[in-house]
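Model, not experiment: these values are computed from the prediction. Order of the sequence lines sets the chain letters (A, B, ...), proteins ahead of strands, with each chain counted from 1. Hydrogens, waters and symmetry mates are skipped; everything else that's a heavy atom, side chains included, is used.
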2 protein chains.
Amino acid sequence: MAITLKDVALRAGVSRSAVSRTFTEGASVSEGTRKKVKKAAEELGYRPNALASSLTTGRTKLIGLVSDNFRNPIFLEVFDLFTRGLQERGLRPLLVNLSGQKDPAQSLQMLQTYSVDAVIVASSTLPPSFAEAFRDAGVPVVNSFGRHTTNPNVHVVGIDNVECGRMAARALIDHGYRKVAFLGGPVEATSTQDRFAGFREVIRATPGVSQTHSYAAQYSFEAGYAEMQNCIANGPAEAYFCGDDVLSVGALSAAKAAGLGVPDQLGIIGLNDMEMAGWNNISLTTIHQPIRQIIASSIELVTAMLNDSTRYPEARLFPCHIVERGTLRRT
Amino acid sequence: MAITLKDVALRAGVSRSAVSRTFTEGASVSEGTRKKVKKAAEELGYRPNALASSLTTGRTKLIGLVSDNFRNPIFLEVFDLFTRGLQERGLRPLLVNLSGQKDPAQSLQMLQTYSVDAVIVASSTLPPSFAEAFRDAGVPVVNSFGRHTTNPNVHVVGIDNVECGRMAARALIDHGYRKVAFLGGPVEATSTQDRFAGFREVIRATPGVSQTHSYAAQYSFEAGYAEMQNCIANGPAEAYFCGDDVLSVGALSAAKAAGLGVPDQLGIIGLNDMEMAGWNNISLTTIHQPIRQIIASSIELVTAMLNDSTRYPEARLFPCHIVERGTLRRT
DNA sequence: CAACGGATTGCAACCGGTTGCACAGTGTTC
DNA sequence: GAACACTGTGCAACCGGTTGCAATCCGTTG
């Protein structure tokens, strides 16, 4: 078995309390005993047991990181930023792969079993009710990349997807396209719905511009490819606002395969500005989503909630902007 | 506070032991009390505390998942498969992002603090000594995608990188290229070294074929792009074996940007067969690495070690094969 | 009807820590 | 020299479970 408090106490010739106190910030121990204890601990290779201490302190420093999309390269960046940010603050990400499991009950139960201090739901597709289930169970939760509602009862950090839809519509119009379309992610995803709502709003308000829409089965390359093939078969629009970058890349690929010239015959604008969008064999014009800031802010919020779990829910929205590359005509 | 054993015991009118026993497999409880307890637990919304029970059982069902590459899309697939596979067996992945930290000491200490039952080191770049540090500390460990040594003292599941290097060399030769090159990942990565060793061995043994080599700073698109630019500036070879697919895609992009025709003027073969390699605007000829099998096998090995941690170290190697797409000349 | 044996059950100790409280030691003040 | 205020320390209870052991219950058997 591993070295415990008792072993160290015995060796240092002090009580277990003394050992415990030297390892807890701000406890009252004299310099002398601290030294003795440190020395004994060092010699024995003592590692405090975080789980045992969580039993009395009520803090595990475990953070549930829940995601439902492991196919979209943007999430690799998301995991990178989350894991690093959490680690820097001494928090540990317990990763949960929803893999299609839309019901929060199971993951909630599991995360409760492991007494996570908080949960980050990193998803732009799950409805607010998902994160709310955690809050209702008394688990502090932040919904990163989630839907912003006017009266949130759960913390949301992300972007205004409706506004992004508007932005995309304006961009297509400004670049001279008149027959435009929305090629969304799955219809049940909140981000799809919101982006489309904003998009349609602007198009409808603009005379002389027509609009169609369709949905890909998921946010993935294949789904984007397949749906663009469909569109082409049915007579393509002049330009597409794709639900996100990975769909855009799929759509782009289908367009090229069909011999359609991008951006002249067919324009595409994506959303996310994932790393790959800048690769010069892709060069996707897209709406930049500030994921670094969103994640940094999510982590700040989580740490704040650890100290005050009754914190009033807030929505933190970050502005997006268009990054012009090669998939929309020059104006 | 949350509902505990005591609350349930009180409500069901039994002892705490009885409650504990109804929730542990194979314990002796009568049907009657089990029913009473289940009912009381249900009504109160009782969730057993896995961390508390780990204290006596010595099992947390936490598995450390350590990785040092969050830039390579292949790892998204890796995380997806690992998290799902572990979850299916009731194990929980505690994700550790090394982010450049080559010294195992810190992550080891942290994972010990959280009493993980085992550790999976998922990396093709870290030296065997990294995983060995865990084993030396008494933590069961599997090195997935790691270097296979003739006398391993740590479990390794992966591929024979030397053989892959040979395979790549033969492919380039068979496709008619005579001036070939290795464009590797970081020189200190074990996979880079091994792939190069095999590659060079075959080239050197083949009369009339010349070989050069260089290294990218890391396994990433930008690094591949930059290094291929370098190569082109210095007079490119006819064909390249790139350290992996993401490097290949970067190199491909640089070749196209320089106006070099692929595969006629310049051939490229990658390694991994990541999803993106099959996208039709990339269509990369590459060596398929069976990551599903590697991961499934790693997980099996981990679960086996949970029951027998003294298990004799083994190396499990899976064969690779070439997937012909569009970046090597037709033979 | 008493002895017997297997199935249930509760008691109490324990897992590895934390922490309130009482007490001891030290130095200061009047 | 006594009263006082601190600082450090150990005891013991507790966090939420598990488990060895002894006691109890119940149906059988001779």
- [ ] For the residue pair B:Val139 and B:Leu111, establish whether any side-chain heavy-atom pair is separated by less than 4.5 Å.
- [x] no
- [ ] Rounded to the nearest angstrom, tell me the gap between atom NZ in B:Lys36 and atom C1' in C:dG10.
- [x] 13 Å
- [ ] List for me each residue that meets side-chain hydrogen bond (donor to acceptor under 3.5 Å, both in side chains) alongside A:Arg316, sequence neighbours excluded, and say none if there are none.
- [x] A:Ser297, A:Glu314
Task: Partners passing ring-ring contact (aromatic ring centres under 6.0 Å, His included) against B:Tyr46 (at least two apart in sequence or in another chain) - done: B:Phe23
Task: A:Ser28 side-chain N/O to D:dG8 phosphate OP1/OP2 under 4.0 Å - done: yes
- [ ] Mind listing the residues from residues 4-23 of chain A sitting with a heavy atom below 4.0 Å of DNA chain C? Number order is fine.
- [x] A:Thr4, A:Leu5, A:Arg16, A:Ser17, A:Ser20, A:Arg21
Open item on the list: Applying a 4.0 Å non-hydrogen cut-off, can you work out what A:Thr33 is touching in the nucleic acid: base, sugar-phosphate, or nothing?
Closed with: sugar-phosphate
TODO: Could you list all the side chain to side chain donor-acceptor pair (under 3.5 Å) pairs where at least one residue sits in residues 34-44 of chain B, not counting sequence neighbours?
DONE: B:Arg11-B:Glu43, B:Lys39-B:Glu43
Open item on the list: List the residues meeting side-chain hydrogen bond (donor to acceptor under 3.5 Å, both in side chains) with A:Thr4, not counting sequence neighbours, and say none if there are none.
Closed with: A:Asp7
Open item on the list: Any base atoms under 4.0 Å from B:Ser54, or only sugar-phosphate, or nothing? Heavy atoms, all strands.
Closed with: nothing
Open item on the list: Expressed as a whole number of angstroms, how long is the span from B:Arg59:CZ to D:dT19:P?
Closed with: 12 Å
Open item on the list: How many whole angstroms separate atom OH of B:Tyr114 from atom P of C:dG16?
Closed with: 18 Å
Open item on the list: Under a 4.0 Å threshold between the charged nitrogen and the carboxylate oxygen, would A:Arg71 count as salt-bridged to B:Asp80?
Closed with: no
- [ ] Could you pull out all residues at least two apart from A:Phe75 that satisfy ring-ring contact (aromatic ring centres under 6.0 Å, His included)?
- [x] none
TODO: Please list, by residue number, the residues of residues 37-53 of chain B whose heavy atoms come closer than 4.0 Å to an atom of DNA chain C; answer none if no residue qualifies.
DONE: none
Open item on the list: Once side chain to side chain donor-acceptor pair (under 3.5 Å) is applied, what residue pairs with a partner in residues 100-109 of chain A remain, sequence neighbours excluded?
Closed with: none
Task: Counterpart residues, ring-ring contact (aromatic ring centres under 6.0 Å, His included), relative to B:Tyr219 (two or more places apart) - done: none
- [ ] List for me each residue that meets side-chain hydrogen bond (donor to acceptor under 3.5 Å, both in side chains) alongside B:Arg92, sequence neighbours excluded, and say none if there are none.
- [x] none
TODO: On DNA chain C, check which nucleotide each of B:Glu31 and B:Thr56 is closest to and give me the residue with the more 5' one.
DONE: B:Glu31
TODO: Kindly write out the residues that satisfy ring-ring contact (aromatic ring centres under 6.0 Å, His included) with B:Phe79, not counting sequence neighbours, or none if the list is empty.
DONE: B:Phe70
Task: Degree of bending in the helix from C:dC1-D:dG30 to C:dC30-D:dG1 once both end axes are built from five pairs, to 10° - done: 60°
Task: Spacing between A:Leu55 atom CG and D:dG16 atom C1', to the nearest angstrom - done: 5 Å
